[in-house]
Protein chains: 2
Amino acid sequence: MVTRLPGDNLRTAQEGLTACFQGWSGSDFDPALCPVRGVLDRLGDKWTTLIVIALAAGPRRFSALRREIPDISKRMLAQTLRDLERDGLISREVFPTKPPSVEYRLTGLGESLLEPLNALIAWAQASQPDIAAARHAYDAAAAVEG
Amino acid sequence: MVTRLPGDNLRTAQEGLTACFQGWSGSDFDPALCPVRGVLDRLGDKWTTLIVIALAAGPRRFSALRREIPDISKRMLAQTLRDLERDGLISREVFPTKPPSVEYRLTGLGESLLEPLNALIAWAQASQPDIAAARHAYDAAAAVEG
DNA sequence: CAGAATCCAATAGGATACTG
DNA sequence: CAGTATCCTATTGGATTCTG
């Protein structure tokens, strides 16, 4: 175990991101092929992360998810679940009851997303006051200069 | 320093996300007020993360960013930079040369995003083969059943 | 060079109604 | 219950033109 200085994690992250970035920022590279974009586009849509977080607590049925994410429409819930299943992040199990019930749960791959996602959420929560303050200051400055 | 078992980080992430989730999944809570959604919506747009990653390597000028992200339009670059500045993640410095040049750099708050972002990118890169395989399997299965 | 403004196309996503 | 299908609106974002 090495001793870690305060700026150490930051430098590691800088280097990792820079190395990654240089791999696909070359002008003759097709941006559509960049795997990072593909994955982040998914995570970036309106509902994916919410559903993953909801499923982090355990398996859920379709209507249970609807209750936990009150403002999602049936359409988008069904579609996002399908996309997540297609990407192998969640699995779908149909119980042939009557009426039928369907249970969704994270796969191992889906669970592996929880750690980096948790880090990001923690950052969002910790930074939210700073961001709000910055926005307020920016808007106030913009207002005085017309 | 405690010993860490293999599943330990996962459990920590599960608990953290679940606790966070329960805070705002209550049905009488206005989803628009959820700070996590606000922040993740920003990170989820098409260009924000790309720009942050580009700036992780150091300050950049407007046209340098355009070269490094070849498929961004002037409009979206300007708009995304403005939003990032408003949120306090980057700072903007104008040099009164002629013609003018403007330099953007990450603030301390912006740098603090690099670590969680790096974790997510690393996950995306590591998981990309699994995701591609899952998609292929899903599509193949969907094809046979009509 | 670094934008702002305008216009327009593509997509995301909500509401509703219908099905097994 | 767990979806699908259709329609429609709002937002995103590209192309182009104009300015200091």
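A note on names: the letters A, B, ... follow the listed sequences, proteins ahead of strands, and every chain is numbered from 1. Here the structure is a predicted model, which is why all the values come from computation and not from measurement. Note: hydrogens, waters and symmetry copies are ignored here, and every other heavy atom, side chains too, is used.
Distances shown here put every side-chain N or O of Arg61(A) at or beyond 4.0 Å from the OP1 or OP2 atom of dC1(D). Under 4.0 angstrom from either OP1 or OP2 of dG3(C) there lies at least one side-chain N or O belonging to Arg92(B). In terms of phosphate contacts, Arg82(B) brings a side-chain nitrogen or oxygen within less than 4.0 Å of OP1 or OP2 of dA4(C). Between dA2(C) and Ser63(B), a contact under 4.0 Å exists linking OP1 or OP2 to a side-chain N or O.
We find that CZ of Phe62(B) is positioned 18 Å from P of dT19(D), with the value rounded to whole Å. The interatomic distance linking Glu85(B) (CD) with dA2(C) (P) rounds to 15 Å, in whole Å. Atom pair Leu81(A):CG and dA2(D):P shows a separation of 11 Å (rounding to whole Å applied). For the pair Arg66(B) CZ and dA2(C) P, the interatomic distance rounds to 10 Å; values are reported in whole Å. Between Lys74(A) atom NZ and dT4(D) atom P there is a gap of 10 Å when expressed in whole angstrom units. Distance, Met76(B) CE to dG14(D) P: 6 Å, rounded to whole Å. Atom-to-atom, CG of Leu77(A) to P of dG14(C) comes out at 11 Å; the value is rounded to the nearest Å. One can place CZ of Arg75(A) at 19 Å from P of dT19(C), the figure rounded to the nearest angstrom.
Side-chain contact between Leu114(B) and Leu106(B): present, with at least one pair of heavy atoms (C-beta onward) separated by less than 4.5 Å. Using a 4.5 Å heavy-atom threshold, the side chains of Leu81(A) and Phe62(A) count as touching.
In this structure, Leu17(A) CG and Thr49(B) OG1 are separated by 10.0 Å, a value rounded to the nearest 0.5 Å.
Between Ala78(B) and Pro99(A), the residue whose closest nucleotide on DNA chain C is further toward the 5' end is Ala78(B).
A side-chain donor-acceptor contact under 3.5 Å links Asp45(B) and Thr48(B).
Counting non-hydrogen atoms under 4.0 angstrom, Tyr104(A) reaches the backbone sugars and phosphates but no base. Residue-level contact check: Lys46(B) touches the backbone only, with heavy atoms under 4.0 Å from sugar-phosphate atoms and none from bases.
Side-chain atoms of Val102(A) lie closest to dG3(D) of the nucleotides dG3(D), dC1(C), dG3(C).
Among all heavy-atom pairs drawn from Ser101(B) and Thr97(B), the shortest one is N-OG1, 3.4 Å.
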